[in-house]
Amino acid sequence: QVQLVESGGGLVQAGGSLRLSCAGSGNIFRIGDIGWYRQALGKKREVVANISRFGTTNYGASVKGRFTISRDNARNTAYLQLNSLKPEDTAVFYCKAVHDFNTNYWGQGTQVTVSS
């Protein structure tokens, strides 16, 4: 069993920044890739960024170099730095961890709202 808890969301003006955290607990020893996803109201969930257990990163095209994913395995935590935020970034952001190569665990999400 793995538990993920996101934090760090909030309300920010366009151009502002936030840092999201995803803290893992439970049976985290075989966690592999960690991804950040977002889901805007009425839209499907989309991948924002992914990081492997070795630190290899990938980003969705929509973030245009504005976001940075990282992880601190010693703290069992992944991060997503959000810079130059735009109103269209408004969404619930979720983290996902792949456990033991066959099970996905999701956090409860944290709301990011960007005002114009």
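In this text, all values refer to a predicted model and were calculated from it rather than measured experimentally.
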Which pair of non-hydrogen atoms, one from [X] and one from [Y], has the smallest distance, and what is that distance?
| X | Y | value |
| --- | --- | --- |
| Ala91 | Ala40 | CB-N, 3.7 Å |
| Leu20 | Gly9 | CD2-N, 3.6 Å |
| Gly109 | Val92 | CA-CG1, 3.8 Å |
| Asp33 | Ser52 | OD1-CA, 3.3 Å |
| Ala14 | Pro87 | CB-CD, 4.1 Å |
| Trp36 | Ala78 | CZ2-O, 4.0 Å |

To the nearest 0.5 Å, what is the distance between [atom1] on [X] and [atom2] on [Y]?
| X | Y | atom1 | atom2 | result |
| --- | --- | --- | --- | --- |
| Ser21 | Gln81 | OG | CD | 9.5 Å |
| Ile51 | Ile69 | CD1 | CD1 | 5.5 Å |
| Ser115 | Leu85 | OG | CG | 10.0 Å |
| Leu18 | Phe67 | CG | CZ | 9.5 Å |
| Leu80 | Ile34 | CG | CD1 | 12.0 Å |
| Thr68 | Asn83 | OG1 | CG | 6.5 Å |

Take Gln111 and Leu11 through the test side chain to side chain contact (heavy atoms under 4.5 Å, CB included) and record every step on the way to the result. CA-CA 8 Å; Gln111 177 72 48; Leu11 175 64; over 6 Å; no

Ignoring hydrogens and geometry, is there a side-chain-to-backbone donor-acceptor pair from [X] to [Y] under 3.5 Å?
| X | Y | value |
| --- | --- | --- |
| Asp100 | Asn102 | no |
| Tyr94 | Glu6 | no |
| Thr77 | Ala23 | no |

Is any side-chain heavy atom of [Y] closer than 4.5 Å to one of [X]?
| X | Y | answer |
| --- | --- | --- |
| Thr110 | Ser7 | no |
| Glu46 | Ser62 | yes |
| Val114 | Leu82 | no |
| Arg53 | Arg71 | yes |

Under 4.5 Å between side-chain heavy atoms, hopping through other hydrophobics if needed: is there a path connecting Trp106 to Ile31?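 Looking at the clustering, Ile31 is in a separate group from Trp106.
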
With the 4.5 Å side-chain cut-off for hydrophobic clustering, are Leu4 and Val112 part of the same group?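 Yes, Leu4 and Val112 fall within the same hydrophobic cluster.
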
Using the rule side chain to side chain donor-acceptor pair (under 3.5 Å), only one of Arg45, Lys96, Lys44 pairs with Tyr37; which is it?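 Only one option passes, and that is Lys96.
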
Non-neighbouring partners of Asp89 that pass side-chain hydrogen bond (donor to acceptor under 3.5 Å, both in side chains), sequence neighbours left out: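 So Asp89 forms a side-chain hydrogen bond (donor to acceptor under 3.5 Å, both in side chains) with Arg38, Arg66.
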
